[in-house]
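Atoms within a ligand are numbered from 1 in the order they appear, just like the ligands themselves.
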Amino acid sequence: MNSFYHSTRGTSESVTSKQAILAGIAPDGGLYVADWVGEKKLDLAAVCAQGFQKTAEDVLGALLPDFSADEVAACVAAAYGDQWDTPACCPVTKLGDDWLLELYHGPTSAFKDVALQMLPQLMGVARKDEAADGKKIMIVTATSGDTGKAALAGFAGVDGCGVTVFYPEGKVSDIQYLQMATQAGDNVAVCAVRGNFDDCQTEVKHIFADRELAARLAEEGIVLSSANSINVGRLAPQVTYYFDSYAQLVRAGAVELGDEVEFVVPTGNFGDVLAGYYAKRMGLPVKRLVVASNENDVLTDFLTTGTYNRLRPFNKTISPSMDILVSSNLERMLYYFCDGDCELVASLMSDLAEKGSYTVPADVLARIQGVFACGRADDDETRAEIRRTWEELGVLIDPHTAVAKAVLDREQASGCARVVLSTASPYKFSADVLAALGVVVDGMNGFACMDALEAKTGTVAPAQLSGLRAAEVLHETVADRQKMGAFIESSCARVFL
Ligand SMILES: *Cc1c(COP(=O)(O)O)cnc(C)c1O
């Protein structure tokens with residue numbers, strides 16, 4: 001058994017997990033995968049007897065074998081400490097006859113924290129590797145709202161790393177604006193850009209392709225990198241909460257050690273649900289993984305017919321983090337279900353790029369369907385589900401979680417314990433949640449909606465959101481798109497030199 005990663009599209013280049021984490025994407029455009037995932041199973045009885053942090057150490061130790069046990073332990077201590085509002089990090093609570101896995105107790109109140117609190121720690125260790133030569137890393141990301149804050153919070157204060165976030169001026173919610181504009185830390189930079197999200201993203205791509213800029217930064221020992229959701233260092237940490245939630249169910253007496261469970265996952269880029277598949281390979285008794293989509297139901301169609309077709313209208317929904325037409329992490333799943341046939345994966349991906357669609361062979365589809373079920377819910381169903389879940393079960397859920405709950409409600413009971421992954425605090429989407437509960441929110445700002453949601457439900461907004469009211473705005477730069485490169489250079493100089 002080797003311990004290397006290679007691209008989904010070819011095996012010629014092998015890299016360590018540290019190299020894969022620093023590189024993000026493979027040079028041929030594929031995603032880094034390892035064939036040995038699951039050859040060694042986690043000890044389930046041990047997992048059930050320990051807490052989230054120890055399980056995180058076991059999971060990361062298994063998936064990132066070139067990290068020493070001490071390195072992993074230090075990363076876990078830094079990523080899963082008291083920046084979480086509960087020591088359990090990702091608690092499981094009751095949802096009627098089913099269960100809710102709450103992934104939103106981190107610093108930005110959404111599930112991306114699980115990965116983005118850990119990735120910077122892993123990068124901080126990997127950059128000290130001999131081959132990486134102690135390079136300084138500037139993370140650059142364009143955000144339409146949520147990921148930017150999670151990246152800022154994760155990289156703030158991490159030695160040898162910096163983070164620069166661009167967002168479209170006036171096009172993020174007032175709360176999202178404050179989350180970013182008030183971010184403290186000597187190594188963070190935030191810039192509003194005149195234009196829309198696509199402008200920001202296109203310019204970031206240009207910046208990554210700018211060889212002259214790269215050469216100037218290289219002279220100072222600086223490299224630009226992204227914190228993309230296809231990074232191995234984001235995927236691996238997400239496996240932890242599948243194992244840990246199972247442990248919580250066993251301790252609650254909901255399942256016996258070894259019983260199968262089902263997970264329903266609100267899905268966008270397919271990273272979250274793919275981590276569930278990794279957990280299954282690594283020995284977790286997962287009966288099925290249910291992929292829940294909103295009106296952008298490209299995955300529902302794919303998992304039903306075997307044809308993935310991105311040529312379709314893009315719908316803006318009330319679950320925006322699932323508004324995605326190309327689910328990039330799906331490529332890893334294809335790799336495993338094609339039995340590691342890199343040529344086939346490469347040809348499917350070139351069909352997707354050139355023709356806009358691809359179809360997997362029937363036997364591959366059948367195997368995928370043996371593990372992954374699917375379902376979709378539109379905005380009206382999502383709102384109705386938020387209301388029903390509150391009124392009938394007394395549980396307040398956000399629109400992303402509600403998509404998954406709506407899909408669960410249509411599934412026939414399978415006789416095993418069912419867990420809905422809850423990916424954001426309802427207070428991140430106060431206006432839509434309030435409206436779903438029947439309150440008229442026209443003209444109310446983000447804080448007024450938060451207050452009204454507290455008053456209506458008797459629940460309490462997370463302190464990191466309500467506390468924004470009093471936080472000091474630290475970042476006020478607004479720039480034209482053409483100035484984004486210069487902004488990065490000046491933030492590199494400020495952070496590193
Ligand atoms: C990112 C995100 C998702 C989708 O997760 P993927 O890993 O991209 O499938 C769902 N809900 C919320 C709130 C998110 O931020």
**Carboxylate-amine/guanidinium contact Asp199 Lys171, below 4.0 Å** = no
**Request:** Using the side chain to side chain donor-acceptor pair (under 3.5 Å) rule, take Asn296 and Asp323 through it: C-alpha gap first, then chi angles, then the decisive distance, then the call.
**Result:** CA-CA 6 Å; Asn296 296 294; Asp323 290 345; 2.9 Å; yes
**Asked** At a 4.0 Å threshold, what atoms of ligand 1 neighbour a non-hydrogen atom of Gly271?
**Response** 6 (P), 7 (O), 9 (O)
**Per-atom contacts, ligand 1 versus Ala424 - under 4.0 Å to a heavy atom** = 13 (C)
**Request:** State the OG-CD1 distance between Ser327 and Ile230, to the nearest 0.5 angstrom.
**Result:** 13.5 Å
**Message:** Would you say the ring centers of Phe263 and Trp99 fall short of 6.0 Å from each other?
**Reply:** no
**Item:** Under 3.5 Å donor-acceptor, Arg234 side chain and Ala227 backbone
**Value:** yes
**Request:** Please determine if Lys112 has a nitrogen or oxygen closer than 3.5 Å to a nitrogen or oxygen of ligand 1.
**Result:** yes
**Asked** Taking distance alone, with no angle check, do Asp398 and ligand 1 share an N/O pair under 3.5 Å?
**Response** no
**Heavy-atom nearest neighbour in the protein, as seen from atom 11 (N) of ligand 1, with distance rounded to 0.1 Å** = Thr423 OG1, 2.8 Å
**Prompt:** Would you call Asp297-Arg312 a salt bridge at under 4.0 Å N-O?
**Reply:** yes
**Request:** Give a yes-or-no answer on whether the side chains of Asp28 and Ser7 include a donor-acceptor pair shorter than 3.5 Å.
**Result:** yes
**Prompt:** Can you check whether Tyr277 reaches Arg332 side chain to side chain, under 4.5 Å on heavy atoms?
**Reply:** no
**Contact with ligand 1 for Ser229, non-hydrogen, under 4.0 angstrom** = no
**Message:** Out of all atoms in ligand 1, which are within 4.0 Å of some heavy atom of Asp272? Include the element for each.
**Reply:** 7 (O)
**Item:** Residue and atom name of the nearest protein heavy atom (relative to atom 8 (O) of ligand 1), distance in Å to one decimal
**Value:** Asn269 N, 2.7 Å
**Asked** Heavy atom under 4.0 Å from ligand 1: found in Phe270's side chain, backbone, both, or neither?
**Response** backbone
**atom 9 (O) of ligand 1: the protein heavy-atom neighbour that sits closest, reported with distance to 0.1 Å** = Gly268 N, 2.8 Å
**Request:** Give the numbers and elements of all ligand 1 atoms closer than 4.0 Å to a heavy atom of Pro266.
**Result:** 4 (C), 10 (C)
**Request:** For Thr267, counting its heavy atoms only, list the atoms of ligand 1 lying under 4.0 Å from any of them.
**Result:** 9 (O)
**Prompt:** Less than 6.0 Å separating the ring centroids of Phe302 and Phe372?
**Reply:** no
**Item:** Those atoms of ligand 1 less than 4.0 Å from some heavy atom in Phe111
**Value:** 1 (C), 2 (C), 3 (C), 5 (O), 7 (O), 14 (C)
